[in-house]
Amino acid sequence: QVQLVESGGGLVQAGASLRLSCAASRSIFSFNAMGWYRQAPGKERELVATYTSGGTLNYADAVKGRFTISGDNAKNTVYLQMNSLKPEDTAVYYCNAESRPTLNGRILLYWGQGTQVTVSS
């Protein structure tokens, strides 16, 4: 059973930086893909940044050039470095992991409980 725990959120002013962490209960190399999503009040959850086991990175247009996704396998942790934060970045940020196919071909999705990021103008 997989657990994902996010941390690092907080209240900051526009232009500041934060680094979010996602601690997984097993090796991040065991997943086919991992990423970060966010959800603002009254809005749908949206993709922020993802990577696949093949090394492909994907960023939302709104965060390109400002956010960077990375990982540390020794710590079973994925990070999201957020620079030049804007008020529109305010949301709950969620960690996501996609399993490799099981023996019967099923793919499992896992989510953390989220960490709040609030950016004031």
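Since the structure is predicted, the reported quantities are computational estimates derived from the model, not experimental observations. Residue indices begin at 1 and follow the sequence shown.
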Arg66: which residues meet the salt bridge (Lys or Arg N to Asp or Glu O under 4.0 Å) condition with it, sequence neighbours left out?
Asp89

With rounding to the nearest 0.5 angstrom, report the CH2 to CG distance, Trp111 to Asn96.
4.0 Å

Within the side chain of Gln13, is there an N or O that forms a donor-acceptor pair under 3.5 Å with the backbone of Ser120?
no

Does any pair with a residue in residues 92-121 pass disulfide (SG to SG under 2.5 Å), and if so which ones, sequence neighbours excluded?
Cys22-Cys95

Could you tell me which non-hydrogen atom of Lys86 sits nearest to which non-hydrogen atom of Val119, and how far apart they are?
O-CB, 3.3 Å

Going by the rule salt bridge (Lys or Arg N to Asp or Glu O under 4.0 Å), which residues pair with Glu46 if we only count those two or more places apart in sequence or in a different chain?
Arg38

Within this structure, what is the CD1-CG distance for the pair Ile28 and Leu4, rounded to the nearest 0.5 Å?
11.0 Å

Cation-pi geometry met for Arg45 and Tyr94 (6.0 Å, 45°)
yes

Supply the atom-to-atom distance Thr50 OG1 to Asn58 CG, rounded to the nearest 0.5 angstrom.
4.5 Å

State, yes or no, whether a side-chain contact exists between Thr90 and Val117 at a heavy-atom distance under 4.5 Å.
no

I'd like a table of donor-acceptor pairs (distance under 3.5 Å, sequence neighbours excluded) in which one partner is a side-chain atom from residues 75-85, with atom names and distances.
{"residue": "Thr77", "atom": "OG1", "partner": "Lys75", "partner atom": "O", "Å": "2.8"}
{"residue": "Gln81", "atom": "NE2", "partner": "Asn83", "partner atom": "OD1", "Å": "3.0"}
{"residue": "Asn83", "atom": "OD1", "partner": "Ser17", "partner atom": "OG", "Å": "2.9"}

State whether the side chain of Tyr59 and the backbone N or O of Gly65 hold a donor-acceptor pair below 3.5 Å, judged by distance alone.
no

In Å and rounded to the nearest 0.5 Å, what is the OH to OG1 distance from Tyr93 to Thr115?
10.5 Å

Can you list the residues that meet the side chain to side chain contact (heavy atoms under 4.5 Å, CB included) rule with Asn104, with sequence neighbours excluded?
Thr102, Arg106

Are more than 12 heavy atoms from other residues, nucleotides or ligands located less than 6.0 Å from atom CD of Gln3?
no

List the steps, then state whether ring pair (Phe, Tyr, Trp, His ring centres under 6.0 Å) holds for Phe67 with Trp36.
CA-CA 11 Å; Phe67 291 11; Trp36 289 92; over 10 Å; no

Just how far is it from atom CG of Leu108 to atom CD of Gln1, taken to the nearest 0.5 Å?
11.0 Å

Check for me, please, whether Phe31 and Val5 land in the same ILVMFWY cluster - side-chain distances under 4.5 Å, paths through other members count.
no

Kindly compute the distance separating CZ (Arg100) from CG (Asn32), expressed to the nearest 0.5 Å.
6.0 Å

Hydrophobic cluster identity match, Val12 and Val48, side-chain contacts under 4.5 Å
yes

Verify same cluster id: Tyr37, Leu57 (apolar side-chain graph, 4.5 Å)
no

Atom CD of Gln113 with >12 non-hydrogen neighbours under 6.0 angstrom
no

Checking Lys64 now: which residues fulfil salt bridge (Lys or Arg N to Asp or Glu O under 4.0 Å) with it, not counting sequence neighbours?
Asp61

Tyr110 and Ser99: which non-hydrogen atoms are nearest, and at how many Å?
CE1-CB, 4.3 Å

Considering all heavy atoms of both residues, which atom of Pro87 and which atom of Ala14 are nearest to each other, and what is their separation?
CD-CB, 4.2 Å

